[in-house]
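Heads up, the thing below is written out as structure tokens.
Order of the sequence lines fixes the chain letters, A, B, ..., with proteins taken first and strands second; residue numbering starts at 1 for each chain.
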Amino acid sequence: MSENNAQAREEVHDFIRDIIRDDLAAGRSDSVVTRFPPEPNGYLHIGHAKSMCLNFGVAEEFGGRCHLRFDDTNPVKEEHEFIESIQEDVRWLGFDWGRHLYFASDNFEALYDWACHLIRNGHAYVDDLSAEEIRTHRGSLTEPGKNSPYRDRAADESLDLFARMRAGEFSDGARVLRAKIDMASGNINLRDPVIYRILHAAHPRTGDAWCIYPTYDFAHGQSDAIEGVTHSLCTLEFEDHRPLYDWLIDNLPTPGRPRQYEFSRLNLTYTVLSKRRLTQLVAQRHVTGWDDPRMPSLAGLRRRGVPPAAIRDFVRRVGLTKSDNLIEVAALEHCIREELNQTAARRMAVLRPLKVVIENYAEDQTEELEAANHPADPAAGTRMVPFGHELYIEQADFMEDPPKKFFRLAPGREVRLRYAYFLTCREAVKNDAGEVVELRCTYDPATRGGNAPDGRKVKATIHWVSAAHAMPAEVRLYDHLFARPNPGAEGDFLDDINPDSLNVLEDCRLEPGLADAKPGEAIQFEREGYFCPDPDTAPGRAVFNRTIGLRDTWAKVRAKGGK
RNA sequence: UGGGGCGUAGCCAAGUGGUAAGGCAGCGGGUUUUGAUCCCGCGAUCCCAGGUUCGAGUCCUGGCGCCCCAGCCA
């Protein structure tokens, strides 16, 4: 964490920051104002984190400011729920817009006036063509478009019609306002783009005040200018819009001259990051909601237990360019482990319990053993863990007939119980089905704490929990939501959903101190991974999420045929 | 056959004419009371072909490949 901050303080270099440095040096700007401009039609995801880290990061590095602005120009898709969740997520990621919270809808009146300005100057006209007709007039990628028959109607007539559009005289789609640019342009965005449409829909903020709404192109750059934004940073798909962005600024009496620059969006393997697809996953119940821990949404990552610092670090590491990219989730997972390794307290928890009876440990005896909260950080202190005649260990830590490289418990084998004693397996008790259901073992009282006075070594240390003191819990294990690296690359992305992305373990046994774990608190279950209490936790029902497992080289050895 | 971008290792990514950083993944090895962490070591004819230059990933010319654009979405 402290290391991340130290790195963040070093001067960051990428093409956007180079441009800004140049702008400042050349006097093209004397300050830096950026903005993070979500549309409130869904939850924020890790792709947005890249944009936030850039916009808020740049503002901080250059002593400027970053606004949070909602691009709320399409009432049919936008909802209050999203306005709330987005603010929560931005704060959680660690960013602060101060008093600079804005809405494009705050500018509706100014935008309307500017639209009239355009009409008066012969730069816009009301078109009576239908959506279908406009489309056919637009031409194709290789053929120029045709002028609308209404293109040259008098400014006064357009002004009158536009006022009547606003007054609600026409139905949805009956007319639109178009910028008058060039129907033959190779850039389709310049073929008289629609800048206002009729939408008889209630807006989350302006209610029924309007029935015409500006399009993105007519709201975004102007809002930038009104707010005094100097650098409008967006993703590559808007590169084609920049000539229109500039054209509008050039033809309107805007107070400032914002410049748009584009960078490539983030893509992750085994993940889907388009709002359309994420919305579909939620709506069709493939996940439990936007905050399902398998979702790449910030709400999902938060519930999963991913620390915001890990996300910021990840974004820093993947860099900023204009190249298309598909980053391996392993890179994200590395950042999560790195952060959690430093911050998470250690505890013991048995996920798939196997009962161990210690024959030479008195049935009514109990003792408390000291365990480090973070072996690499003495300042984290220690805690006392109860020990007794019956324990639970991990089923995977015992094999009746172990392969050569298996170091854990087996009949006749001795291992160390972490922070406790050496333990030797004497016998495996089986049920009628032939499954091992209990281990009869003995311990060596001389090895208290985990070291043998005679210098005897063991090849493995395993975790355990006292049966009499254990706290029962449900633990949810997650895997990638998609089974293929690039979901939907061939066919429907829904067909690539991983059927085993969620594995619920209902009968786990936890070290009793875990009853005090706070919601969202990161804890390492030793030898298993990083976990955190889920909000589904209720009195008498503990639920933990596995944020991510520890790296598992044993799994690799096993997979390589070590069997 | 239009317009706009992008091509450096399996995945990201530095490099701005002087002889290919770094991270992730992978593979070896060491330490270890977490098969974790930590530490050490290993990988590139820079999309291709010509050209300019003493010298090219960087400059020029010509190709090839990939991405985005024909919403009254953003």
On the nucleotide [N], are OP1 or OP2 found under 4.0 Å from the side-chain N or O atoms that [X] carries?
{"X": "A:Thr215", "N": "B:rA74", "answer": "no"}
{"X": "A:Arg138", "N": "B:rC72", "answer": "yes"}
{"X": "A:His463", "N": "B:rU34", "answer": "no"}
{"X": "A:Arg197", "N": "B:rA74", "answer": "yes"}
{"X": "A:Arg337", "N": "B:rU37", "answer": "no"}

Span that lies between the [atom1] atom of [M] and that of [N], in whole angstrom:
{"N": "B:rC67", "M": "B:rC11", "atom1": "P", "value": "15 Å"}
{"N": "B:rG2", "M": "B:rA21", "atom1": "C1'", "value": "40 Å"}
{"N": "B:rG26", "M": "B:rU61", "atom1": "P", "value": "43 Å"}
{"N": "B:rG41", "M": "B:rC46", "atom1": "C1'", "value": "25 Å"}
{"N": "B:rU58", "M": "B:rU19", "atom1": "P", "value": "15 Å"}
{"N": "B:rG5", "M": "B:rA20", "atom1": "C1'", "value": "25 Å"}
{"N": "B:rC59", "M": "B:rC6", "atom1": "P", "value": "12 Å"}
{"N": "B:rA9", "M": "B:rA44", "atom1": "C1'", "value": "6 Å"}

Would you mind pulling out the nucleotide paired to [N], Watson-Crick or G-U wobble, both distances under 3.5 Å?
{"N": "B:rC72", "answer": "none"}
{"N": "B:rU52", "answer": "none"}
{"N": "B:rC6", "answer": "B:rG65"}
{"N": "B:rA20", "answer": "none"}

Between A:Tyr213 and A:Phe108, is the ring centre distance below 6.0 Å? yes
Strictly under 6.0 Å, is that where the ring centroids of A:Tyr150 and A:Tyr125 end up? no
Looking at the side chain of [X], which of [options] is the nearest nucleotide?
{"X": "A:Thr142", "options": "B:rG35, B:rA74, B:rG2", "result": "B:rG2"}
{"X": "A:Asn74", "options": "B:rC73, B:rG71, B:rC72", "result": "B:rC73"}
{"X": "A:Phe406", "options": "B:rG5, B:rG35, B:rA74", "result": "B:rG35"}
{"X": "A:Ile134", "options": "B:rC68, B:rG35, B:rC72", "result": "B:rC72"}
{"X": "A:Glu39", "options": "B:rU34, B:rA74, B:rG26", "result": "B:rA74"}

For [X], answer base if it contacts any base atom (sugar-phosphate contacts may also be present), sugar-phosphate if it contacts only those atoms, and nothing otherwise; contact means non-hydrogen atoms under 4.0 Å.
{"X": "A:Leu268", "result": "nothing"}
{"X": "A:Tyr419", "result": "base"}
{"X": "A:Glu526", "result": "base"}
{"X": "A:Arg551", "result": "sugar-phosphate"}
{"X": "A:Arg346", "result": "base"}
{"X": "A:Tyr421", "result": "nothing"}
{"X": "A:Asp172", "result": "nothing"}
{"X": "A:Tyr196", "result": "nothing"}
{"X": "A:Arg408", "result": "base"}
{"X": "A:Ala131", "result": "base"}
{"X": "A:Thr73", "result": "sugar-phosphate"}

Under 3.5 Å donor-acceptor pair, A:Gln524 side-chain atoms to B:rU34 base atoms: yes
Once hydrogens and angles are ignored, does a donor-acceptor distance under 3.5 Å link the base of B:rG3 to the side chain of A:Asp240? yes
Rounded to the Å, how far apart are [X] [atom1] and [N] [atom2]?
{"X": "A:Asp552", "N": "B:rA25", "atom1": "CG", "atom2": "C1'", "result": "16 Å"}
{"X": "A:His137", "N": "B:rG71", "atom1": "NE2", "atom2": "P", "result": "15 Å"}
{"X": "A:Tyr216", "N": "B:rC69", "atom1": "OH", "atom2": "C1'", "result": "14 Å"}
{"X": "A:Arg527", "N": "B:rU37", "atom1": "CZ", "atom2": "P", "result": "14 Å"}
{"X": "A:Lys77", "N": "B:rC73", "atom1": "NZ", "atom2": "C1'", "result": "4 Å"}
{"X": "A:Ile548", "N": "B:rA36", "atom1": "CD1", "atom2": "C1'", "result": "13 Å"}
{"X": "A:Leu190", "N": "B:rA70", "atom1": "CG", "atom2": "P", "result": "14 Å"}
{"X": "A:Glu339", "N": "B:rU37", "atom1": "CD", "atom2": "P", "result": "16 Å"}

Using a 5.5 Å cut-off between ring centres and planes within 30 degrees, is A:Trp554 stacked on the base of B:rG35? yes
Counting primed atoms plus P, OP1 and OP2 as sugar-phosphate and everything else as base, spell out the protein contacts along nucleotides 11-18 of chain B at 4.0 Å heavy-atom distance: B, S or - for each nucleotide, 5' to 3'. SSSS-B--
Judged by modelled atom types alone, do [X] and [Y] share a side-chain donor-acceptor pair under 3.5 Å?
{"X": "A:Gln260", "Y": "A:Glu262", "value": "yes"}
{"X": "A:Thr424", "Y": "A:Arg413", "value": "no"}
{"X": "A:Arg347", "Y": "A:His463", "value": "no"}

Give me the ring orientation class for A:Phe544 and A:Phe525: parallel if the planes are under 30° apart, tilted from 30 to 60°, perpendicular past 60°. tilted
For [Y], is the NZ or CZ atom of [X] found under 6.0 angstrom from the centre of its six-membered ring and inside 45 degrees of the ring axis?
{"X": "A:Arg509", "Y": "A:Tyr392", "answer": "yes"}
{"X": "A:Arg277", "Y": "A:Phe493", "answer": "yes"}
{"X": "A:Arg416", "Y": "A:Phe422", "answer": "no"}

If you pin A:Glu143 and A:Arg448 to their nearest nucleotides in RNA chain B, which one's is more 5'? A:Glu143
What form does the base of B:rG15 take, syn (within 90° of 0) or anti? anti
So does A:Arg448 pair up with A:Glu367, basic N to acidic O under 4.0 Å? yes
Least distance between heavy atoms, A:Arg418 atom then A:Pro375 atom: NH2-CG, 3.5 Å
